[in-house]
Colleague: 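I'd like to ask some things about the structure below.
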2 protein chains.
Amino acid sequence: MSMNDSFQVNMDAFLPLRDVVFNNLRHAILVGELKPGERLMEIHLANKLGVSRTPIREAIRMLELEGLVIMTPRRGAEVAQITEKSMNDVLEVRQALDVLCVELACRRITAEELEDLKDACEAFAASVETGDLRQIAEADVALHDIIIKATGNPRLIQLVNNLSLQMYRYRFEYIKDSTQHETLIREHRVIYESLVAGNAETAAQAAKTHIDNQRNAIIRQIRLEQGK
Amino acid sequence: MSMNDSFQVNMDAFLPLRDVVFNNLRHAILVGELKPGERLMEIHLANKLGVSRTPIREAIRMLELEGLVIMTPRRGAEVAQITEKSMNDVLEVRQALDVLCVELACRRITAEELEDLKDACEAFAASVETGDLRQIAEADVALHDIIIKATGNPRLIQLVNNLSLQMYRYRFEYIKDSTQHETLIREHRVIYESLVAGNAETAAQAAKTHIDNQRNAIIRQIRLEQGK
DNA sequence: ATACAATGTTATGTATACAAGAATTGTGAC
DNA sequence: GTCACAATTCTTGTATACATAACATTGTAT
């Protein structure tokens with residue numbers, strides 16, 4: 001046990017401990033602090049986080065339903081493996097839902113949200129100028145959040161957010177390639193203009209290729225990782 | 001508290017109690033035994049089911065992530081309300097995913113599965129002859145299961161099954177109207193033949209109208225319920 | 001040396017105890 | 001009669017104790 005893996009529970013908000021633990025563990029899994037295949041042992045985690053087993057157990061149940069951990073009875077939980085197949089499965093679903101998002105947004109987006117979206121597009125273009133990957137990724141997420149919220153479908157929002165999280169670890173991969181930056185900006189603009197015009201067809205097409213690009217980048221990266 | 005609502009835990013399989021409780025509660029919610037807005041109190045349920053609070057709590061957490069109960073901190077859980085909006089939200093997502101299912105199935109279905117699908121189509125037509133709603137509903141589910149499994153995408157399968165469950169209570173509504181039975185048979189046949197021909201386009205269209213019909217039946221029913 | 005059995009350890013499954021917050025009810029004053 | 005405030009009760013949040021199943025280890029016999 002190394003020194004710097006004793007991550008403590010920070011009393012984020014006044015959330016119940018199970019939620020704090022849940023967020024902690026989820027984050028640890030997504031950034032790779034807890035690696036695929038690693039077992040999540042309750043007593044161990046309880047000591048590490050300074051809480052009892054109860055909130056740990058409840059958090060693990062939640063992670064299970066999110067697909068981040070796999071449970072086997074009487075053996076406990078382990079971090080789910082990320083394979084090319086599993087990523088592809090997630091991306092297939094996400095593509096369909098992202099297309100649905102822009103189609104719905106097309107019909108329901110308000111004037112105010114359109115204005116926000118325009119700003120977000122410009123902010124994204126500006127962030128590309130800086131070349132800072134983190135900043136670009138954040139601008140991208142902000143932009144997508146506006147579209148997703150514009151659907152007015154909380155169920156859809158929850159699902160898309162959850163699926164996006166599954167790929168959190170690869171969030172930089174598809175913006176690393178700077179030759180693609182202009183393409184990204186263009187796709188965003190196409191989506192924005194389609195929403196303005198209410199043209200669901202072209203918006204859907206743009207969203208589709210947007211995910212295709214993402215898929216390519218992620219799959220490429222996974223093959224690199226597994227090839228080593 | 002009436003006599004016959006003391007549903008006991010039956011030791012279904014050798015599942016952990018949390019799963020037994022989860023299945024029990026889910027079923028109770030879906031068939032309306034536990035009504036929307038009804039509070040789920042841990043001690044109460046624990047006594048009723050003859051287990052301790054621990055498995056109850058874990059089951060409730062799982063139900064929360066499935067969207068069947070709503071939790072508010074320090075107040076506990078209650079059965080989620082079913083509104084026209086919430087059903088519409090679910091159906092929107094399900095339509096997109098059902099379309100994705102047939103498109104993927106188009107590319108991936110095996111010869112054997114196609115044979116099963118053909119049989120299922122015929123079994124459905126036969127069940128319609130009997131006029132027994134329960135039998136028709138089961139045949140319909142069996143048919144859809146074949147298509148869903150043919151996608152080979154476990155993630156997608158899980159999501160579609162979960163979304164279907166949300167509408168469990170209305171599963172008879174869209175097959176009640178016997179004037180629609182011929183339409184249903186025809187739609188199934190269109191999907192089957194599209195899969196044989198590998199024609200994703202027409203399969204998608206059929207799946208879409210299939211859900212549209214379902215939506216109409218469900219929304220009509222909800223308006224009836226709320227109008228009374 | 002290998003296979004198998006017995007034993008001990010470890011982790012999960014379940015129950016229960018205790019703490020603390022929220023709602024409700026009752027009492028008093030205006 | 002109504003409003004405010006306090007006390008009680010009910011419920012959830014968390015910790016811990018005990019039971020049981022799985023796994024590892026060790027010892028013995030062949």
Side-chain angles (χ1 to χ4, degrees), chain A residues 1 5-26 28-29 34-65 68-80, chain B residues 1 6-26 28-29 34-66 68-80:
Chain A
M1 197 134 319
D5 68 347
S6 64
F7 49 128
Q8 265 293 326
V9 163
N10 55 342
M11 284 302 180
D12 267 339
F14 297 93
L15 290 172
L17 280 183
R18 62 165 171 272
D19 293 321
V20 178
V21 172
F22 174 69
N23 290 331
N24 264 280
L25 292 181
R26 180 161 71 174
I29 292 174
L34 291 169
K35 292 181 177 46
E38 192 165 336
R39 288 184 66 184
L40 298 177
M41 283 174 301
E42 298 171 4
I43 303 175
H44 183 206
L45 290 173
N47 293 337
K48 212 158 163 180
L49 295 172
V51 299
S52 81
R53 277 177 60 208
T54 310
I56 302 279
R57 288 177 66 81
E58 294 180 349
I60 288 179
R61 296 286 111 68
M62 295 162 82
L63 290 170
E64 182 194 10
L65 288 216
L68 290 175
V69 311
I70 303 291
M71 299 207 52
T72 52
R74 274 273 159 213
R75 181 140 196 291
E78 63 178 47
V79 180
Chain B
M1 202 126 315
S6 64
F7 47 130
Q8 264 294 327
V9 164
N10 55 341
M11 284 302 178
D12 267 338
F14 297 93
L15 290 172
L17 280 183
R18 61 165 171 274
D19 293 322
V20 178
V21 172
F22 174 68
N23 290 330
N24 264 280
L25 291 182
R26 179 160 72 173
I29 292 173
L34 292 170
K35 293 182 178 44
E38 192 165 336
R39 288 184 66 183
L40 298 177
M41 283 173 300
E42 298 171 2
I43 304 175
H44 181 206
L45 291 172
N47 292 337
K48 213 159 162 179
L49 295 172
V51 300
S52 83
R53 277 177 61 207
T54 309
I56 301 280
R57 288 177 66 81
E58 296 180 348
I60 288 179
R61 296 286 110 68
M62 295 162 81
L63 290 169
E64 183 194 10
L65 289 216
E66 285 215 333
L68 289 176
V69 311
I70 303 291
M71 297 209 53
T72 53
R74 278 270 160 216
R75 181 139 196 292
E78 63 178 48
V79 179

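Residue numbers begin at 1 in each chain, while the letters A, B, ... track the order of the sequences.
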Colleague: Please round to the nearest 0.5 Å and tell me the distance separating atom CG of Leu40(A) and atom CD1 of Ile29(A).
Modeller: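 Between atom CG of Leu40(A) and atom CD1 of Ile29(A) there are 5.5 Å.
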Colleague: Roughly how bent is the helix from dA1(C)-dT30(D) to dC30(C)-dG1(D) end to end, in steps of 10 degrees, with each end axis from five pairs?
Modeller: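 End-to-end axis angle for the helix from dA1(C)-dT30(D) to dC30(C)-dG1(D): 10°, rounded to 10°.
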Colleague: Just wondering, do Arg26(B) and Met62(B) contact through their side chains at under 4.5 Å, heavy atoms?
Modeller: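 No, side chains not in contact.
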Colleague: Go through the structure and list residues passing side chain to side chain donor-acceptor pair (under 3.5 Å) with Arg61(A), not counting sequence neighbours.
Modeller: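 Arg61(A) satisfies side chain to side chain donor-acceptor pair (under 3.5 Å) with Glu58(B) only.
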Colleague: Taking C-beta and beyond as the side chain, do Lys35(A) and Val79(A) meet within less than 4.5 Å on heavy atoms?
Modeller: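 No, every pair of side-chain atoms sits at 4.5 Å or beyond.
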Colleague: Measure the shortest side-chain to side-chain distance between Leu25(A) and Leu45(A) over non-hydrogen atoms and say whether it is less than 4.5 angstrom.
Modeller: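 Of all side-chain heavy-atom pairs linking Leu45(A) with Leu25(A), at least one is under 4.5 Å.
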Colleague: Would you check if the side chain of Arg39(B) reaches a backbone N or O of Arg75(B) as a donor-acceptor pair within less than 3.5 Å?
Modeller: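 Between the backbone of Arg75(B) and the side chain of Arg39(B) there is a qualifying donor-acceptor contact (under 3.5 Å).
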Colleague: Does the protein touch nucleotides 11-17 of chain C at the base, only the backbone, or not at all? Give it as B, S and - per nucleotide, heavy atoms under 4.0 Å.
Modeller: SBBBBBB
Colleague: Measure the CG-CG distance between Asn24(B) and Asp19(B) for me, rounded to the nearest 0.5 Å.
Modeller: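 The CG atom of Asp19(B) is 11.5 Å from CG of Asn24(B), to the nearest 0.5 Å.
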